[in-house]
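The structure appears right after this line, and notes come after that.
Both ligands and their constituent atoms are indexed starting at 1 by order of listing. Keep in mind that what you see is a predicted model, and the values were worked out from it rather than measured.
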Amino acid sequence: MRHFADSIAQALSALTGVAPSEIKIEEPRDRAMGDLAFPCFALAKALKKAPPAIASELAGQLGAKLTGITAVASGPYINFQVERALLARTVVGTIETRRAEYGRSDYGRGKTIVIDFSSPNIAKPMHVGHLRSTILGQALVNLHEALGYRTVGINHIGDWGSMFGGLVVAMKRWGGARVGADGKVVLDRAKELGIDIEGDPVRGLLEVYQRSKKVLDPEKPEHDPAFAAEARAAWIELESGKDGEIRALWRWVTEVSMRGFSRTYKRLGIRHDLVRGESFYEPFLAPTFARCEQAGITEISDGATIVALKAIDKGLAETPCLLKQRDGTTLYATRDLAALYHRWDEFHFERCLYVVGAEQKLHFRQLKAVLKRLGADFEPRVEHVDFGLLLGTGRTKLASRKGDVLVLDELLDEVVEETSRVVREKNPELAGQQQIAEQIGIGALVFNDLKRERIKDVVFEKAEVLSFEGETGPYVQYTHARMASILRKAAASGQGGATPDWAALADAAPVLIRLSQFPDVVRSAADHAEPSELAQALLALSRDLSTWYVGSRVLDQEPSVTAARLALVRSCKTVLANGLRLLGVAAPEEM
Ligand code: ARG
C-alpha cells in the first residue's frame with residue numbers, strides 16, 4: 001500500500017504544489033470506501049477553498065495522473081481504490097523479489113538500540129517473569145535488527161547484592177566449599193549441601209539460597225546471628241573487590257547458574273550480545289557516586305545516601321532513590337545508574353529499553369528521575385518496557401508440578417511433552433516428530449506471550465495455547481505449513497509455470513492488503529516496543545488467508561489461474577515465515 005500511497009502523494013503534489021511529504025495518505029480501517037484515503041482539510045489553507053470543493057476538484061484531475069488507481073470524492077475526502085490485478089501484481093511481485101528480506105529495511109541505519117532483557121538472578125532459577133522478559137526482549141532485538149538498527153542485547157544478570165554473602169557462607173559452612181590447590185572450587189560435603197552439581201545445580205543452589213535466607217532472618221526460628229554476621233562480612237569483602245576465597249566461591253556460583261540459564265536460552269533461541277551482570281559495573285560505582293555528589297543531588301538520611309526526587313516527580317516524594325546503605329554498600333539502583341552511564345558512553349544509544357516486569361515501575365521511574373536531576377540529556381531515550389504477569393489457569397500463580405517455584409525448563413518440558421502427544425495423534429507419519437514438537441510447543445508458549453499488548457497479564461492455559469485453532473502460535477504455524485504443502489504438491493505435479501493471470505486474485509484483496517502492510521507493521525511494532533502488533537497481524541493474515549483458500553482452489557485450475565494463486569500462496573508463506581522468525585517462533589514446513 002505504501003507504494004500506491006507514494007504515487008498518489010506524488011500526483012497530488014504535482015497538482016497542488018504542496019510537497020509530497022506534507023501529503024498524508026491514510027489507510028482506512030473500514031475498507032468499504034476504498035483502499036486509501038486523503039482528507040483534504042490539510043490543503044484548505046494553502047488552496048483557500050473548502051475541503052469538499054478541493055476533494056471533488058482534485059478527484060476529477062487525478063484521473064489523468066494515476067494509472068490503475070481510481071479516485072472518488074466523498075465529502076472532504078478523496079477515496080482511492082487500486083485496481084485488483086495491479087494490486088496483486090505489485091504486492092506479490094515485491095514479496096517474490098525480496099523473499100526473506102521482505103519486511104526488512106534500513107529505517108534504523110546508523111542508530112543503536114540497547115535492549116536489557118531476561119536478566120535473571122544468580123542462584124535462583126529463572127521464573128515466569130524472566131520468561132516474559134526473555135521472549136519479549138528477543139522479539140524486540142529481532143524487530144530492530146530487521147530495521148537496520150545496531151542492536152545490543154544485554155543480559156543484566158543479578159549477580160551482586162548482600163544475599164551473595166549468605167550464599168557463600170552457606171556453601172562454606174554446610175557444603176565444606178573451599179578453593180582447591182588448582183584454584184578450582186571443591187565442595188567437600190556437596191551431598192550435605194544438597195547440590196547436584198552435574199545434574200541440576202540451579203535447583204540445588206535455589207534450595208541453599210532459600211535455606212540461608214531463613215538463617216539470616218531474625219524473625220525466623222532458624223535464625224543464626226553468627227552466620228548472619230559472617231554473611232555480612234562476606235558481602236562487605238565482596239564489595240571491597242578483594243580477590244580471595246569469598247570471591248572465588250561467588251564466581252563459582254555465578255558460573256554454575258549461568259550454565260543452567262544457557263540451556264534454557266538455547267531452547268528458546270535467545271542470543272545476548274553481552275552478558276554483563278550487575279557485578280560488571282563495580283568499577284563504575286565510585287565514579288557514579290562521585291557524579292551524583294558533584295552534581296550536589298545527594299543527601300544523607302539516617303546514615304544512608306539518597307537522592308530526593310520530589311522536585312522532579314511529586315509521586316516520588318516519599319520514595320527517594322537510595323544510593324548507599326548505612327554500611328556503605330551499594331544497591332540495585334546504584335548499579336543500574338552506573339550501568340546506564342556506561343551504556344550511554346559506550347553506545348550513544350537511540351533508545352535503551354529495559355524489558356522488565358511492571359512490578360519494577362517504581363525503580364525505573366526513580367532511575368529516570370535521578371537522570372533528570374543529573375541533567376542527563378539522554379534521559380528521554382531510556383524506556384521501561386514493562387509487562388504484565390504470566391499466570392496459570394484461573395489467574396493463579398503458575399507453579400511447578402511439585403507445587404513450588406516454577407522452574408522454566410520444567411514448563412518447557414511439560415509443553416513439549418504435551419505437543420509431542422498432539423503431533424503423534426494428528427500426524428503419526430510425520431518425520432522428525434521430536435524436533436517439530438519442540439518447535440510447536442515452544443512456539444506456542446512464545447506466541448502466547450507476545451500476542452497481547454505486553455502490559456496485559458498472560459494466562460497460560462496449556463490446552464488452549466497448544467490448540468491448532470484460534471489465536472495461537474500453532475494456528476499460524478499450521479497455516480504456514482499448509483501453504484508449504486500446497487507448494488510441494490504443485491512442484492510434484494509440475495504446476496505453476498504459466499504466466500499468472502493476476503485478475504484471478506480479485507477475491508484475495510483482503511489477503512493482499514495484509515501482505516502489503518507487513519513492512520509497516522514491523523516498523524510500528526518496533527517503534528512501540530510492542531511485538532503484539534506483529535503477532536496480531538500474523539493472526540489476521542492467517543484468518544483472511546484461510547477464508548480465501550476455502551473459496552478458491554489453487555491447484556488444477558486454468559494454468560494462468562493456478563500460477564497466480566500459487567504465487568499468492570508463496571507470498572503468504574514468505575510473510576508468515578518472516579513474521580514468525582521475528583517473533584522468535586519457528587516455522588516448520590510440515591506439522
Ligand atoms: N535481575 C532483575 C530481576 O530479576 C532484573 C534486572 C533488569 N535489568 C535492570 N537493568 N535492572 O528482578
Side-chain angles (χ1 to χ4, degrees), residues 113-138 140-141 151-164 167 202 205-206 209-210 213 250 253-254 257-258 260-262 264-265 268 270 272-282 284-285 288 319 321-323 330-347 349 351-371 376 378-379 381-390 397-398 405-408 454 529:
I113 306 279
V114 172
I115 303 179
D116 180 312
F117 74 107
S118 189
S119 308
N121 300 317
I122 295 297
K124 298 185 210 167
M126 269 196 242
H127 56 62
V128 289
H130 295 125
L131 177 63
R132 290 214 70 193
S133 169
T134 305
I135 290 172
L136 279 161
Q138 186 64 56
L140 291 173
V141 168
T151 58
V152 184
I154 304 186
N155 200 351
H156 191 78
I157 301 271
D159 62 356
W160 209 237
S162 58
M163 60 158 288
F164 285 96
L167 201 61
V202 175
L205 276 175
L206 172 68
Y209 166 64
Q210 284 170 340
K213 236 170 63 178
W250 164 79
V253 171
T254 310
S257 283
M258 283 306 295
F261 297 150
S262 315
T264 313
Y265 289 149
L268 290 168
I270 305 304
H272 281 101
D273 298 289
L274 299 169
V275 178
R276 284 181 178 168
E278 292 181 34
S279 65
F280 174 87
Y281 301 98
E282 265 182 280
F284 311 103
L285 291 174
T288 300
T319 45
C321 179
L322 192 53
L323 285 184
T330 59
L331 293 117
Y332 182 55
T334 332
R335 296 188 281 277
D336 252 334
L337 191 59
L340 201 37
Y341 271 96
H342 189 269
R343 290 170 188 181
W344 174 248
D345 289 341
E346 186 170 1
F347 302 116
F349 47 75
R351 295 164 87 185
C352 178
L353 307 179
Y354 288 88
V355 189
V356 186
E359 61 291 353
Q360 292 196 27
K361 253 198 159 105
L362 175 64
H363 168 73
F364 288 103
R365 193 165 152 194
Q366 289 176 318
L367 196 62
K368 280 173 70 75
V370 173
L371 288 183
F378 62 85
E379 181 274 336
R381 299 173 184 233
V382 176
E383 293 170 54
H384 179 200
V385 177
D386 54 352
F387 53 83
L389 303 170
L390 179 57
K397 201 168 158 190
L398 263 185
V405 194
L406 184 85
V407 179
L408 205 47
R454 59 180 150 74

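Under the 3.5 Å distance criterion, with hydrogens and angles disregarded, a donor-acceptor pair is assigned to the side chains of Tyr265 and Asn155.
The closest protein non-hydrogen atom to atom 1 (N) of ligand 1 is Asn121 OD1, 2.7 Å. Closest to atom 6 (C) of ligand 1, if we only count protein heavy atoms, is Tyr332 OH, 3.2 Å. Among all protein heavy atoms, the one lying closest to atom 4 (O) of ligand 1 is His130 NE2, 2.7 Å.
Below 4.0 Å from some heavy atom of Gln360 lie the following atoms of ligand 1, by number and element: 3 (C), 12 (O). The Asp336 neighbourhood of ligand 1 comprises atoms 9 (C), 10 (N), 11 (N), with distances under 4.0 Å to a heavy atom of that residue. The contact set between ligand 1 and Asp116, taken as ligand atoms under 4.0 Å from a residue heavy atom, comprises 7 (C), 8 (N), 9 (C), 10 (N). Shown in contact with Tyr354 at under 4.0 Å from a heavy atom are these atoms of ligand 1, numbered in order with element: 10 (N).
Taking the six-membered ring where tryptophan is involved, the planes of Phe378 and Phe349 are perpendicular, since the angle between them exceeds 60° and thus also 30°.
For the pair Asp159 (side chain) and Ile122 (backbone), a donor-acceptor distance under 3.5 Å is absent. For Glu383 (side chain) and Arg351 (main-chain N/O), no donor-acceptor pair under 3.5 Å exists by modelled atom type.
The six-membered or imidazole ring of Phe261 lies away from that of His130, with a centre-to-centre distance of 6.0 Å or more.
No side-chain heavy atom of Thr288 sits less than 4.5 Å from a side-chain heavy atom of His342.
Contacts with ligand 1 closer than 4.0 Å are made by side-chain heavy atoms of Phe364 only, the backbone lying farther away.
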